[in-house]
There are 2 protein chains.
Amino acid sequence: MRFEPVKKVNSYEIIVDQIEEGIREGRLHPGDRLPGERKLMETFSVSRPTVREAMRVLHATGVVSSRAGDPRGAEILPFTPQALERPLARMTHQHGTTRAELLQFRLLLEGQASLLAAAADPGEAKQRISACAAALDDLAHRAGAAGAGAATDLATEFGELLSGFHSSIRAASGNQLLQVTGQAVDEALTTVARQRLGEEEDVPALRARLRRSAEDAAILTQRIRDGDTGGARRTATENIYRFYKDRLSDLELKALSPLVG
Amino acid sequence: MRFEPVKKVNSYEIIVDQIEEGIREGRLHPGDRLPGERKLMETFSVSRPTVREAMRVLHATGVVSSRAGDPRGAEILPFTPQALERPLARMTHQHGTTRAELLQFRLLLEGQASLLAAAADPGEAKQRISACAAALDDLAHRAGAAGAGAATDLATEFGELLSGFHSSIRAASGNQLLQVTGQAVDEALTTVARQRLGEEEDVPALRARLRRSAEDAAILTQRIRDGDTGGARRTATENIYRFYKDRLSDLELKALSPLVG
DNA sequence: CCTCGTCAGCTGGTCAGACCAGTACAGGGA
DNA sequence: TCCCTGTACTGGTCTGACCAGCTGACGAGG
């Protein structure tokens with residue numbers, strides 16, 4: 001006979017589980033309202049602090065939102081990628097995850113996202129990719145012609161457009177997991193690594209890089225529109241690899257190289 | 001002049017942020033102990049319920065663990081993949097993520113993990129892959145010869161070994177993000193989809209599938225040991241694809257096919 | 001000397017009751 | 001009709017209390 005270790009279940013966990021189960025099973029939908037705390041303490045037969053601890057957990061994990069004074073009670077929120085970012089960021093910092101691993105994972109995801117996007121049926125999602133690529137191209141021309149604006153502003157706008165381009169590819173892949181995970185990794189990288197990358201860069205170099213990225217994006221877009229799955233994957237990984245090539249250590253590049261080509 | 005929207009920060013969030021920041025910046029390490037709640041309410045100048053709400057959040061997200069009566073206070077935990085499983089599972093259920101997407105994501109991750117494992121230097125991690133493949137082979141032979149045991153027991157042991165095999169590959173990839181994400185998706189799939197898959201299966205069919213999986217694992221192991229990155233990726237995806245081929249709808253298979261080969 | 005049961009002093013878990021600031025909404029004033 | 005205000009709630013926070021459980025020290029027994 002086998003025994004099981006005694007696991008004590010705190011009261012708040014029971015409440016959290018019941019509410020999350022209600023959401024999972026479709027009895028509670030985003031936008032629905034939970035009863036007030038004083039009502040909940042009756043239905044669960046616990047005191048208000050216990051109810052509050054449960055609500056705190058649901059609040060902190062992005063399941064519900066509540067405002068003081070709102071007589072409609074806490075609102076059930078739709079899922080957000082942000083819910084994944086917290087643990088991802090924690091893992092990155094605490095678990096000894098290096099920047100190289102983060103980049104490697106990103107390269108891997110973007111490559112597969114491009115492949116799936118190429119395999120997907122043409123439609124609105126693919127048009128958004130083209131629009132994002134066009135916006136990048138537009139910025140590249142504007143920056144080259146006018147030459148106005150500080151380097152940091154240009155770099156920021158550039159980064160946002162590039163991020164949006166990749167986001168549109170992930171969206172076109174048709175896989176929400178890929179989409180959300182990619183977004184979380186993307187933002188984690190922004191937070192973690194941006195300060196050490198591309199800070200000290202003069203304007204001409206930035207413009208050159210911008211032009212190159214715009215061209216790369218155009219090529220990748222074409223591959224995806226052509227439905228060239230293998231080519232899209234290869235182009236996406238090569239683009240990102242080249243993007244980082246001059247600014248990473250040999251050790252970090254070595255981690256990325258197996259995924260290229 | 002630009003104004004910012006008023007964001008009300010609850011007291012507990014300040015405490016949570018401070019503790020998480022301490023962990024991020026290396027002032028608090030896993031295994032360290034936090035002061036008791038009554039001590040914390042002094043240092044943060046708040047009441048005990050507020051401290052408790054903060055501790056609840058940290059407890060629920062797997063950052064700390066606490067037991068009643070322990071005078072050493074709450075313990076800071078190391079990061080666990082389980083922290084990602086919660087939001088992943090929630091996303092799967094609530095955000096309309098289908099089983100096809102989950103499988104697609106898994107196929108994608110396992111393929112890339114095998115590629116990276118093949119690219120990695122030989123070492124202890126690769127030996128563990130061989131050991132897991134050998135264990136699968138052993139079970140296949142034992143099941144074929146003795147024929148004892150119920151089908152469910154056999155299926156359970158089979159599933160655990162196969163899961164361990166894939167886990168060892170992810171570990172050998174050298175990327176913790178890949179490892180953790182893969183594990184989370186794996187377990188999410190187990191929870192979500194197992195009841196609808198492989199339930200009604202007779203023993204001979206199960207044995208045949210077991211033998212096939214053991215052979216597949218052996219081939220994949222060889223590719224990884226040979227350092228054949230492309231071959232490892234292809235073999236891994238094909239194996240998983242064939243594993244599911246007879247038990248999924250055409251629509252689901254169509255989602256997987258772009259990743260195969 | 002070592003082992004083991006006992007017990008005090010703490011811990012976290014839970015409760016009851018209270019006050020305050022903030023919100024929604026109905027009803028009265030313009 | 002519109003705006004304003006009051007009211008009756010809400011959640012946020014605090015105080016104070018009790019209980020069950022753990023740890024570690026102490027002392028009885030070997």
Side-chain angles (χ1 to χ4, degrees), chain A residues 3-20 22-23 28 30-78, chain B residues 3-20 22-23 28 30-78:
Chain A
F3 295 102
E4 294 189 356
V6 175
K7 57 174 179 182
K8 57 178 176 186
V9 178
N10 297 353
S11 311
Y12 86 93
E13 285 186 308
I14 301 176
I15 301 178
V16 169
D17 284 344
Q18 285 194 46
I19 293 178
E20 286 193 333
I23 295 175
L28 294 171
D32 285 357
R33 298 286 183 158
L34 253 37
E37 293 181 356
R38 291 161 234 266
K39 194 79 187 173
L40 285 176
M41 61 186 274
E42 289 178 16
T43 63
F44 288 112
S45 295
V46 292
S47 68
R48 198 151 93 91
T50 304
V51 169
R52 300 206 88 253
E53 290 180 1
M55 298 310 288
R56 274 282 95 95
V57 171
L58 294 171
H59 180 88
T61 51
V63 179
V64 305
S65 85
S66 55
R67 291 178 322 170
D70 192 337
R72 290 172 303 184
E75 179 182 1
I76 298 191
L77 296 176
Chain B
F3 295 102
E4 293 190 355
V6 175
K7 56 173 177 180
K8 57 176 176 185
V9 178
N10 298 354
S11 312
Y12 86 94
E13 285 185 308
I14 301 175
I15 300 178
V16 169
D17 284 345
Q18 285 194 45
I19 292 178
E20 286 193 334
I23 295 175
L28 294 171
D32 285 357
R33 297 287 183 159
L34 253 39
E37 292 181 355
R38 291 161 234 264
K39 195 78 188 174
L40 285 175
M41 61 185 276
E42 289 179 15
T43 64
F44 288 111
S45 295
V46 292
S47 67
R48 198 152 93 92
T50 304
V51 170
R52 300 206 87 254
E53 289 180 1
M55 298 309 289
R56 276 281 94 98
V57 172
L58 294 172
H59 180 88
T61 51
V63 180
V64 305
S65 85
S66 55
R67 291 178 321 169
D70 192 339
R72 290 172 304 184
E75 179 182 0
I76 298 191
L77 296 176

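So that the names make sense, note that chain A is the first sequence line, chain B the second, and so on, each numbered from 1.
Residues A:Met41 and A:Ala68 each lie close to DNA chain C; by heavy-atom proximity, the contact nearer the 5' end of the strand is made by A:Met41. With DNA chain C read from its 5' end, the first of the two nearest nucleotides for A:Arg72 and B:Gly73 is the one closest to B:Gly73. Where A:Arg38 and B:Arg38 each meet DNA chain D at their nearest nucleotide, the meeting point lying more 5' is that of A:Arg38.
Taking B:Arg48 as the reference, B:Glu37 meet the side-chain hydrogen bond (donor to acceptor under 3.5 Å, both in side chains) condition, with sequence neighbours excluded. Here B:Asp17 pairs with A:Arg86 under the salt bridge (Lys or Arg N to Asp or Glu O under 4.0 Å) rule; sequence neighbours left out. Residues passing the side chain to side chain contact (heavy atoms under 4.5 Å, CB included) test with A:Thr50, sequence neighbours excluded: A:Ser11, A:Ile15, A:Val46, A:Ser47. Legend: residues meeting side chain to side chain contact (heavy atoms under 4.5 Å, CB included) with A:Thr43, ordered by chain and number and at least two apart, are A:Leu40. For B:Glu75, the salt bridge (Lys or Arg N to Asp or Glu O under 4.0 Å) partners are B:Arg33, not counting sequence neighbours.
A:Pro49 is not listed as a side-chain neighbour of B:Arg52, based on a closest heavy-atom distance of 4.5 Å or more. Residues B:His59 and A:Tyr12 meet the side-chain proximity criterion, which asks for heavy atoms closer than 4.5 Å. Under the 4.5 Å side-chain criterion, counting only non-hydrogen atoms from C-beta, A:Leu34 is in contact with A:Met55.
Contact footprint of chain B on DNA chain C: nucleotides with an atom under 4.0 Å from a non-hydrogen protein atom, first to last in 5' to 3' order, C:dT11 to C:dT14.
For the pair A:Leu58 and A:Thr61, the tightest heavy-atom approach, listed with the atom from each and the gap, is O-OG1, 3.3 Å.
In this structure, A:Asp70 atom CG and D:dT10 atom C1' are separated by 7 Å, rounded to whole Å. Straight-line distance from the CD1 atom of B:Ile14 to the C1' atom of D:dG12: 12 Å, rounded to whole Å. Rounded to whole Å, atom C1' of D:dC19 lies 14 Å from atom NZ of A:Lys8.
Applying the salt bridge (charged side-chain N to carboxylate O under 4.0 Å, His left out) test to residues at least two apart or on different chains, the pairs with a partner in residues 55-69 of chain B are A:Glu53-B:Arg56, B:Arg67-B:Asp70.
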Got a list of protein N/O to nucleotides 25-27 of chain D N/O distances below 3.5 Å?
none

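Of the residues in residues 43-61 of chain B, those placing a heavy atom less than 4.0 Å from an atom of DNA chain C are B:Arg48, B:Arg52, B:Arg56, in numerical order.
A distance-only check finds a donor-acceptor pair linking the side chain of B:Glu13 to the backbone of B:Asn10 [under 3.5 Å].
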